[in-house]
Q: 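Structure incoming, see below.
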Amino acid sequence: MTQSGSYDVNAIRREFPILKKSINGYPLVYLDSAASAQKPLSVIEAQREYEAHFHSNIHRGVHTLATQATEAFESVRTKIADHINAAQREEIIFTSGTTDGINLVAGTWGRANLNEEDTIVLSRLEHHSNIVPWQILATEKRFKIEVIELNEDGSLDESSLNEKLALNPKMVAISHVSNTLGTVNDVKRITALAHSVGATVIVDGSQAVPHKTIDVTDIDCDFYVASGHKMYGPSGIGFLYGKHSLLEQMPPWRGGGEMIASVSFEEPTTFNIPPYKFEAGTPHLSGVVGLGAAIDWLNSVGLEKIAAHEKSLIEYASGELMKIDGMKLIGTAPAKASVISFLVEGIHPSDIGTLLDGLGIAVRTGHHCTEPIMTKLGIPGTVRASFAAYSTKAEVDALVAGVNRAVKLLR
Amino acid sequence: MTQSGSYDVNAIRREFPILKKSINGYPLVYLDSAASAQKPLSVIEAQREYEAHFHSNIHRGVHTLATQATEAFESVRTKIADHINAAQREEIIFTSGTTDGINLVAGTWGRANLNEEDTIVLSRLEHHSNIVPWQILATEKRFKIEVIELNEDGSLDESSLNEKLALNPKMVAISHVSNTLGTVNDVKRITALAHSVGATVIVDGSQAVPHKTIDVTDIDCDFYVASGHKMYGPSGIGFLYGKHSLLEQMPPWRGGGEMIASVSFEEPTTFNIPPYKFEAGTPHLSGVVGLGAAIDWLNSVGLEKIAAHEKSLIEYASGELMKIDGMKLIGTAPAKASVISFLVEGIHPSDIGTLLDGLGIAVRTGHHCTEPIMTKLGIPGTVRASFAAYSTKAEVDALVAGVNRAVKLLR
Amino acid sequence: MNTDTRLELRQREIIEEFEMFSDWMEKYEHIIEIGKELDPISEEHKVDDNLIKGCQSRVWLHAELNSEGIVIFTADSDAIITKGLVALMIRVLSDAEPLEIAKTELHFLEAIGLNSHLSPTRSNGLLSMVKQMKMYGIAFSAR
Amino acid sequence: MNTDTRLELRQREIIEEFEMFSDWMEKYEHIIEIGKELDPISEEHKVDDNLIKGCQSRVWLHAELNSEGIVIFTADSDAIITKGLVALMIRVLSDAEPLEIAKTELHFLEAIGLNSHLSPTRSNGLLSMVKQMKMYGIAFSAR
Ligand SMILES: Cc1ncc(COP(=O)(O)O)c(C=O)c1O
Ligand SMILES: Cc1ncc(COP(=O)(O)O)c(C=O)c1O
């Protein structure tokens, strides 16, 4: 593996203060970015700057601070719309994260459209956040949930996909990238197939946004959700993209300030237009500002360069890990983003995780909020190493050495 | 008005960087804390420190960063429980703010318990956030919403209160402090009365938490909600207190990671215990840390001292404003927290707000998300000046001078 | 930006008029004067159908195409500063041909430093009013 | 903290045993050894009823009161480090009187620097296991 001449990972690392940290006497090797990415100084400082010098509640204010804060807030809406190539800025709704976004779609579009005779389709590799909101609604509305199964390598089983779409589902809910297996789904093709049978499509993009350029117009999905904290931004903030025609038809979800046109006890309360209709209460203002800074940061480094860097790391890591006796990679789909899940024969994943932590190496172990994958594979979980823009070949080497050492102790 | 010897407002002001700002060439006079309070350096730095040196996704992680982040997160839950004197830390649910908390109660307790034959009771002075969630649910569940009316001075009309409670409502939803009128409701007494007719009580405490010591055990309410950004903490974070016995019975709301016990496509998905059951998805981690710092800050200054300081300011401001010809204070209840709403005869509130902004004075104008009050009073809105720990007598003087100047121009 | 149209000249006149004011309060004082002097809208036109609802102040706008093909706007607001800004809009856009109205780029508010009143986040309804005036221009020019 | 009970002495023994290890990996190595040496739980007791479910590793715990009024714990885990920690708990709490078990404060994990494994936020089920052992102590002492 050679690092592309123009990609200076050391310069990038210097922007992330946490990467200088020591854990248990070893330099931190942070391989848990799929759970949550670290934040560059520009993101941290943008939030600090906002809170220290610009904070005010937004909307409806006539004073200068309120007007400036509102403009800062709304400009990030435009930035996100541009970043994912939405047709209009009004198609971007701020949420508290991916989970919140999916629940919003389930609680509004889903509650209004899904009934007893209906079917929706999920895939086996969905995160709990793209399963449970539908299950909760289904206990009330009694529609059926069908599941697209996986091939051995963790890619979607094409015949299962076709079989489920043949049921004429009303909705297809699918991840862009699997957080456990790394599988990249061809959401553009799946959307086209789903639309051809009349289904509405929601794409869970939380693991895609840090690794890929997203173009919702090209994908043509109806909804797309993501979290700020997975894309080098703050926690507690995320966005939902929705086609404007759908947003206009959807009933409100949370009620409160700003989402209304007029509130009355005597006459019917009326609602604001999208996206404001879906943004009740004081939003996470510093989070929005930080998310804007995160998008700027991603663009300044270049998503293509990050993706190439991560790809070379993942290839190198896969090769090195496979040299370990008893090693089994879980998820080997041809199209794969920067997550490696693995198991070593006869060894519990949490033991490996604990020992790696002793060496300062942060990986995640367990079911990664994707229990249905574990049930199907009959495994208790995996060890997952995930890579980001700041990951290095030396960190891969530390991981491989650490796993080797752990395996020796544990056998 | 004399300032208590031990209350050094200048020292406090130095902790708030934004207060050094100039607006339109004048020093900022920030009298909009009821919309959102400014944040002291300790809150800003706690978040920065967390993001720069401690960030990781929480729960289920075996690595050190995840364990430490989880402990930091959970310790704030304990801190909030102590701060409001909850019986157990498990009675505190993190939300994205007051609006989110009320919607959670409406969407879980409300959806499970309110039906066609039922009545709930709100008051005329509720914020839209404590009206619209109930209205949205009522369109689906067809229960009735009854309204406690106000006296001239903005206090609750006792006979209206008794009349509405005589309807045996299932729920009473009431603000602790009105954001528009400043009225402090005796929520302990109201809770006792409501309980005596079998009603469940939710208190909207968002305007109380920055000004009063809250004791939910003493109040005995069933739910209490607040927002971080109103109590010198970050935006995008808040909390819901709920009695444990109620939380245990409530169905889940948002589905996703962490709120589950086990997820399956083949068997029923099972849920976690409270509070985790109600916290789906990656939480606002830096916000929780910042909220913890805000509570520490409040306690280090002392809520009683802050309240005394604000009380003297509000008395002084009321007296000075009343010297202005045509001045009418909107909301003059005997028990009043630090908000002054007013109108000047023949002058539109937004004109006053615009001119005050020209002088660097930030007040809020309009209906303050309490349209039902405006409808009842037949006014287009008010000018609202709100005070906080960092407000000064000199700022009151600037406000009064500014209003005088505005009135002269506008007449 | 058109440099030679009469609506452009009207805008420049306003800009010049405001150049003599050095601070905010003086500017607002002038706007308030202009608001007070605005020709009243006739009562029959101050109706809900002509109401442009902002969150805070309300604006009534009426448009008429006279026999010479010229558009005449009349308007009012319950807030005097809004009314003054409305009056400035009318000085520029009223008494003009429909097509002129539709085509004119309004830049004078920016030049006199009051652009924030036109931002979509302001709650005075002014932006909606400008959009409505342009719509009238387009509608009348289609006749 | 009781200084004189035999369960306290058992804890001190473990603390001393771990004092010779200077780094994490050595400590874990020792825990793994202890785990490997744990007397197996009999198959009839390795059942779902005895399962303490953490998010990641599972622990089976069985308790018996023998004829002399002494509690005997047997246990297993699917993760070896968890199993080693479980074995340490058993070394302290098994073969003891119910009341002793109920009363003992476990502090040895903190002393050997492995306290984080007992934190409520850990997902290995160890804290639940300790609670369960104490419950057995209380239940048996009520007999
Ligand atoms: C009394 C009251 N309730 C509810 C809210 C809503 O709070 P938030 O916007 O933080 O959700 C506010 C703040 O605007 C308020 O003043
Ligand atoms: C694929 C996927 N979907 C959804 C989520 C939930 O995201 P959040 O916790 O930010 O709401 C995650 C993150 O854990 C994820 O990886």
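Keep in mind that this is a model prediction, so the values were computed, not measured. Residue numbers start from 1 in every chain, and the chains themselves are labelled A, B, ... in the order their sequence lines are given, proteins ahead of strands.
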Q: Ring centroids only, cut at 6.0 angstrom: are A/Phe94 and A/Phe278 within range, meaning strictly under it?
A: no
Q: Determine the sole option in B/Val383, B/Leu359, B/Leu31 for which the side chain to side chain contact (heavy atoms under 4.5 Å, CB included) test with B/Leu399 is passed.
A: B/Leu31
Q: Is there a side-chain contact between B/Asp351 and B/His348, using heavy atoms and a 4.5 Å cut-off?
A: yes
Q: Which atoms of B/Gln135 come close to chain A, meaning under 4.5 Å heavy atom to heavy atom: side chain ones, backbone ones, both, or neither?
A: side chain
Q: For B/Leu28, is it the side chain, the backbone, both or neither that has a heavy atom under 4.5 Å from a heavy atom of chain A?
A: side chain
Q: Report which part of B/Val147 has an atom under 4.5 Å of a heavy atom belonging to chain A: side chain, backbone, both, or neither.
A: side chain
Q: Among B/Lys20, B/His127, B/His368, B/Glu140, which has the most heavy-atom pairs under 4.5 Å with chain A?
A: B/Glu140
Q: Between the side chain of B/Lys230 and the main-chain N/O of B/Ala34, is any donor-acceptor distance below 3.5 Å?
A: yes
Q: If you count heavy-atom pairs within less than 4.5 Å of chain A, which of B/Arg48, B/Met374, B/Glu266 leads?
A: B/Arg48
Q: Report yes or no: is the cationic atom of A/Lys21 (NZ for Lys, CZ for Arg) under 6.0 Å from the centre of the six-membered ring of A/Phe16, at an angle within 45° of the ring normal?
A: no
Q: Counting heavy-atom pairs closer than 4.5 Å to chain B, which one of A/Gly107, A/Ser262, A/Pro268 comes out on top?
A: A/Ser262
Q: Inspect the contact between A/Lys164 and A/Glu149 and indicate whether a charged nitrogen and a carboxylate oxygen are less than 4.0 angstrom apart.
A: no
Q: Side chain, backbone, both or neither: which part of B/Ile131 has a heavy atom under 4.5 Å from chain A?
A: side chain
Q: Could you tell me if the side chain of A/His63 sits less than 4.5 Å from the side chain of B/Asp32, heavy atoms only?
A: yes
Q: Distance from A/Ile260 atom CD1 to B/Cys369 atom SG, nearest 0.5 Å?
A: 6.5 Å
Q: Do you know which of A/Ala362, A/Pro251, A/Pro40 has the most heavy-atom pairs under 4.5 Å to chain B?
A: A/Ala362
Q: Just by distance, no angles: are the side chains of B/Glu45 and B/Ser42 close enough, under 3.5 Å, to form a donor-acceptor pair?
A: no
Q: Which one, A/Ala35, A/Ser33, A/Ser264, A/Gly358, leads in non-hydrogen pairs under 4.5 Å with chain B?
A: A/Ala35
Q: Can you tell which part of B/Asn130 gets under 4.5 Å to a heavy atom of chain A, answering side chain, backbone, both or neither?
A: neither
Q: Give the member of A/Thr99, A/Asn57, A/Leu65 that has the highest number of heavy-atom pairs under 4.5 Å with chain B.
A: A/Asn57
Q: Quiz question: by atom type and distance under 3.5 Å, do the side chains of B/Glu51 and A/Gln47 form a donor-acceptor pair?
A: yes
Q: Any sub-3.5 Å donor-acceptor pair from B/Lys39's side-chain atoms to B/Ala37's backbone N or O?
A: yes
Q: If you define the side chain from C-beta out and look only at heavy atoms, does anything of A/Thr64 sit under 4.5 Å from B/Asn24?
A: yes
Q: Under a 3.5 Å distance rule, please check whether B/Thr98 uses its side chain to pair with a backbone N or O of B/Val225 as donor and acceptor.
A: no
Q: Could you check which of B/Leu19, B/Asp100, B/Leu41 has the highest count of heavy-atom pairs closer than 4.5 Å to chain A?
A: B/Asp100
Q: Who wins among A/Ala280, A/Ser96, A/Gly97 for the most heavy-atom pairs under 4.5 Å with chain B?
A: A/Ala280
Q: May I ask you to name which of B/Ile361, B/Thr269, B/Val43, B/Thr370 has the most heavy-atom pairs under 4.5 Å with chain A?
A: B/Thr269
Q: Is chain A contacted by the side chain of B/Leu122, its backbone, both, or neither, given a heavy-atom distance below 4.5 Å?
A: side chain
Q: Any idea which heavy atoms bring B/Glu15 and B/Pro17 closest together, and the distance?
A: O-CD, 3.3 Å
Q: Could you tell me which portion of B/Trp134 (side chain, backbone, both or neither) has an atom closer than 4.5 angstrom to a non-hydrogen atom of chain A?
A: neither
Q: So what's closer than 4.5 Å to chain A heavy atoms on B/Ala106: side chain, backbone, both or neither?
A: neither
Q: Compute the ring centroids of A/His55 and B/His229, then answer whether they are less than 6.0 Å apart.
A: no
Q: Pick whichever of B/Val363, B/Asn103, B/Ile102, B/Ile136 has the most heavy-atom pairs under 4.5 Å with chain A.
A: B/Asn103
Q: Calculate, to the nearest 0.5 Å, the distance between atoms CD1 and OG1 belonging to B/Ile373 and B/Thr180 respectively.
A: 4.5 Å
Q: Does anything in residues 283-291 of chain A get under 4.5 Å of chain B by heavy atoms, and if so which residues?
A: A/Pro283, A/His284, A/Leu285, A/Ser286
Q: Where on B/Arg111 is there a heavy atom nearer than 4.5 Å to chain A: the side chain, the backbone, both, or neither?
A: side chain
Q: Quick check on the interface: out of B/Gly256, B/Gly228, B/Gly360, who has the most heavy-atom pairs with chain A under 4.5 Å?
A: B/Gly256
Q: Can you tell which part of B/Tyr30 gets under 4.5 Å to a heavy atom of chain A, answering side chain, backbone, both or neither?
A: side chain
